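Since the structure comes first, as structure tokens, the remarks are kept for the end.
Any value given below was found using the heavy atoms of this structure, including those in side chains, with hydrogens, waters and symmetry copies removed. Computed from a predicted structure; not experimentally measured.
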Amino acid sequence: MYNKTEIDNIDIRLAPPADEPDRQYYFMAKCREWTQKFREQHGYSPRACVVNMGCQMNARDSEKLRGILETGGYELSSSEESEFVLYNTCTVRENANLKVYGRLGYLGSLKKKKPQMKIALCGCMMQEPEVVEKIKKSFPFVDLVFGTHNIFKFAELLTTMLESDRMVIDIWKDTDQIVEDLPADRTYSFKSGVNIMFGCNNFCSYCIVPYVRGRERSRKPDDIIQEIERLVADGVKEVMLLGQNVNSYGKNLDEPITFAQLLRRVEQIDGLERIRFMTSHPKDLSDDLIEVMKHSDRICRHLHLPLQSGSSRILKKMNRKYTKEQYVALAQKLRREIPDLSLTTDIIVGFPGETEEDFEETLDVVRKVRYDSAFTFIYSRRTGTPAAVMEDQVPEEVVKERFSRLLTLVQDISREMSARVQGQTLPVLVESVNGQDEHLVTGRLGNNLLVHFPGTEELIGQTVNVYLKECKGFYYIGERANDEERSEVKNGTVNTDDAEICGNERAI
Ligand code: 5AD
Ligand code: SF4
């Protein structure tokens, strides 16, 4: 990674280097020259706003995009009235796309008032050719469009955009390249996502991800370890290892390694307190992984294990490669081996051909597994996926009615499961001052449940023991306890996402 002086020493009159990441640092230096000129002309720094619209992977990408902008001399801002606005889009469900179009209309009206404003789009949605066509036609004021495979080239694309008065579009179909050592601007000082792999090879029949994120590519373990060591040296206490299917990590490396083996290495990093990961595909979850989790003090007691449907017939049509019985047996094994584990899931309602009986099977799995929390989604037809052309798409009213029954069940169980640790004293990593009551701080248990307790700003980023006085459904009200008063429970956690509902992401 370059430091500031090294960037200032790059000679931008020379031709750009061919190798990465040197090439991108060259363009960041070029961007610095542009932002410096802007400052001289206007008397203030140009601001840049990156809007993250998707999952944790997308959020991590946004941190990297912000890191590049900051290194390029922009002042980071959360205002969409900034000189540069970048939407990092998602396309897993159609409503994500519709939201982008709506917000672009608004950005267009801002740009009319401030023509020097630059607007850029990137992320999964841009990998869909019809989307790019629509943007060209309906939103000609957009200045830059790029996709998921060439995100590492952002600095280069940004300088091209600054020098051009036409829409710059660069979308790659796929890549096998992974560029290391680019800067990132972390949202939290004390926790960070860490990509361990990119893409997905599973082709679940409803899912657009393999088409927009490409084939599975794992980062080398040494690169991952080095990144985490640097993060820890910079104050990070918790990492979330990210991949579409972390259980198949390492299979395609020159020297193959399993996810469980990687976890064993990550666990040995001094100073790292908590390790989380997502997402796990049930078909690939190994006994070795269960063993590593079971004996670890640092791996949070949480597993996100997407079910999608409880009907073996639908699971087959979804191309999930497990049956209802196999899934339930795996969940029961996990509950048996790691009793304090928090199990969460994703469920889709209304997949083509889903009958009332199929849906009842889903409810049955929810009752059997008793999820700590679940993200429930209404099936969304994604063009280009096999499910989009399947017959028997389920009528909207039927889906809505099922969705609401599922939600009620999931929430009832989640409430009961959340109350499991009431009366215990557990470590809480403090994240912020409470938004509604400044006398309280908010932190997370290892199992990802939120806890609000009296405290001040200085506690942010610290892990403190908290007595869990009262469970309020999906969060706790607690009281700080002495360091010695910790109950004998290891770290645990749950996940966050952009789901329509979630059992445990409730504010106070
Ligand atoms: N419709 C609804 N939900 C979907 N997901 C993925 N594709 C679709 C779709 N077409 C959900 C899955 C996945 C989560 C990230 O998003 O449940 O696990
Ligand atoms: Fe989509 Fe299935 Fe891959 Fe998850 S595992 S990203 S649901 S194709």
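- For K472 and Y475, the positive end is not near the middle of the six-membered ring at less than 6.0 Å and at most 45° from its axis.
- With a 6.0 Å cutoff to the six-membered ring centre and a 45° limit on the axis angle, R213 does not count as a cation-pi contact of F198.
- Between R405 and E356 there is a salt bridge, since a side-chain N of the basic residue sits under 4.0 Å from a carboxylate O of the acidic one.
- With sequence neighbours excluded, the residues satisfying ring-ring contact (aromatic ring centres under 6.0 Å, His included) with F259 are F277.
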**Study point:** H452/Y476 under ring-ring contact (aromatic ring centres under 6.0 Å, His included): CA gap, chis, key distance, verdict
**Key:** CA-CA 6 Å; H452 309 286; Y476 273 95; over 10 Å; no
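- The side-chain hydrogen bond (donor to acceptor under 3.5 Å, both in side chains) check on S311 picks up D358, with sequence neighbours excluded.
- For E229, the side-chain hydrogen bond (donor to acceptor under 3.5 Å, both in side chains) test picks out no residue, with sequence neighbours left out.
- Contacts of E361 classified as salt bridge (charged side-chain N to carboxylate O under 4.0 Å, His left out), with partners at least two apart in sequence or in another chain: K324.
- Within the 6.0 Å centre-distance limit, the rings of Y211 and F203 are counted as a close aromatic pair.
- Cation-pi contact between K317 and F351: absent, since separation from the ring centre below 6.0 Å together with deviation from the ring axis within 45° is not met.
- Partners of D19 by side-chain hydrogen bond (donor to acceptor under 3.5 Å, both in side chains), not counting sequence neighbours: none found.
- For H281, the ring-ring contact (aromatic ring centres under 6.0 Å, His included) test picks out Y322, with sequence neighbours left out.
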